[in-house]
There are 2 protein chains.
Amino acid sequence: MKVSALILHLESFIPLKQEEKDRIEEQFVPQTVKRKHKLLTAGEVCKDYFFVVSGCFRMFGVDDKGFEHNIQFASEKDWIADIGSFYSQKTSQLNIEALEPSEVLRIPQLGLYELFNNIPKINRIFKVMIEYKYIELQNRVLQNFSSTAEQRYLAFLEQYPHLKNRLPNTQVASYLGITPEFLSKIRKDLRDS
Amino acid sequence: MKVSALILHLESFIPLKQEEKDRIEEQFVPQTVKRKHKLLTAGEVCKDYFFVVSGCFRMFGVDDKGFEHNIQFASEKDWIADIGSFYSQKTSQLNIEALEPSEVLRIPQLGLYELFNNIPKINRIFKVMIEYKYIELQNRVLQNFSSTAEQRYLAFLEQYPHLKNRLPNTQVASYLGITPEFLSKIRKDLRDS
DNA sequence: ATTATTTCTTAAGGTAGATTAAGGGTGTTA
DNA sequence: TAACACCCTTAATCTACCTTAAGAAATAAT
């Protein structure tokens, strides 16, 4: 059952009472998505928060020249949404797209507020979750400033071993902020040395 | 009184009872800091979370060549800490330094946990606060990928009007991820055009 | 199985931004 | 009033990474 992965994940932060678990389960809707399907398209409002049960997603923006820039990946046991758009209900500039056939649990804004209002623990769990994500992002900013593309590539391989064999290099290049051609050169240089 | 700025800030998220306010006030310690004084030095553990009452701080890392990279500024009504180090109590790689004579309210780890455990609302307030910071950081990552240094400089001036006349350009350059010399060229080009 | 689509690679030429070096401005402390 | 520390600017040279192009390899769709 898909929902059990979610409950397990939440209880890794704080244990929950059966009554709370039931209440949480009620708010989530399981959904199967095909490769390349978008959970969010730029220009729309992000109406749902997603928990990834299986598969893999990327979140990306498109610049004025039409180039795509990956700002994060999300796979098993991770959460994904444009939280800026989700909480403000303003249109999003971002896209969320499946890189593999995937399964998610979706919770709409009202459902999540229901939980925030009625299960105080949920606020704390989400606080801690977003803190982790904030730290991850902060490390990324620092790394982008203080290392070369090659160093960042090596760091990516170390930090996301569960992704390195699942993603095409073109997606990795976009995440690193370089072109696929330059990533190809980096890989060649690493092979040669 | 310094603490009133904090209470006002917290109540902009959720109203608090007098009893809760008293309990919060108890945990914070006011502190005056001189220009260039460090609230956190790389290699130490981040033992406190800081609310900035007045003045201005920068948080920065130092790379292997000795160059400093600003990852955020914090001024009035903002919070600052290396939250990774603060929550894990592991040594920090970051520094927090006053750019002006400043006043802060400091809360130690145990004091903050006291509040998280006894005032459920505080979890929600901190959740929302960090969500805002996450969105800001995410926008920064996207912007760094999809625009030139000149565009980023213009965006910085727009986004942080309260900082642009308070910071030396050398600090702004470090935040933008460029050298002071190149920022100088950008400013000249903008002047000429 | 075959085609269609996406992905990977190599290489030549180009550009944003770094580096180095040097001179001038401004404010702070003695 | 000097001396010091810090900051800003200009300009020449250099480099990490981009652009364009084009063929080969791998994957997905029919």
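Letters go in sequence order (proteins before strands), and every chain restarts at 1. What you are looking at is a predicted structure, and each value in this text was computed from that prediction instead of being measured.
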A:H37 NE2 - D:dA29 P separation (whole Å): 15 Å
Using atom CZ of B:R187 as one end and atom C1' of C:dG17 as the other, report the distance to the nearest whole Å. 17 Å
d(NE2, A:H69; P, D:dC18) in whole Å: 10 Å
Could you state the CG-P distance from A:D189 to C:dT9, rounded to the nearest angstrom? 12 Å
Check for me whether the distance between the ring centres of B:W79 and B:F50 falls short of 6.0 Å. no
Pairwise distance CD1(A:I80) to CG(A:D48) - rounded to 0.5 angstrom: 13.0 Å
Return the residues of residues 161-185 of chain B meeting this criterion: a heavy atom under 4.0 Å from some atom of DNA chain C. Order them by number, or give none. B:G177, B:I178, B:T179, B:E181, B:F182
Heavy atoms only, 4.0 Å cut-off, all strands: where does B:R35 land among base, sugar-phosphate and nothing? nothing
Can you check whether A:Y160 and A:F73 have ring centres sitting under 6.0 Å from each other? no
As a test of reading the structure: which of C:dG17, C:dT10, D:dT9 is closest to the side chain of B:A149, going by heavy atoms? C:dG17
Given atom CG of A:L190 and atom P of C:dT9, what is their separation to the nearest angstrom? 12 Å
How close or far is atom C1' of D:dC18 from atom NZ of A:K65, stated in whole angstroms? 10 Å
Side-chain donor-acceptor pair present, B:Q143, B:N139, cut-off under 3.5 Å: no
Given atom CG of A:L99 and atom P of D:dA28, what is their separation to the nearest angstrom? 12 Å
Got a donor-acceptor contact below 3.5 angstrom from the A:E97 side chain to the A:M59 backbone? no
Close side-chain approach of A:S85 to A:K90, heavy-atom, < 4.5 Å: no
When rounded to whole Å, the NZ to C1' distance for the pair B:K36 and C:dT28 reads 12 Å
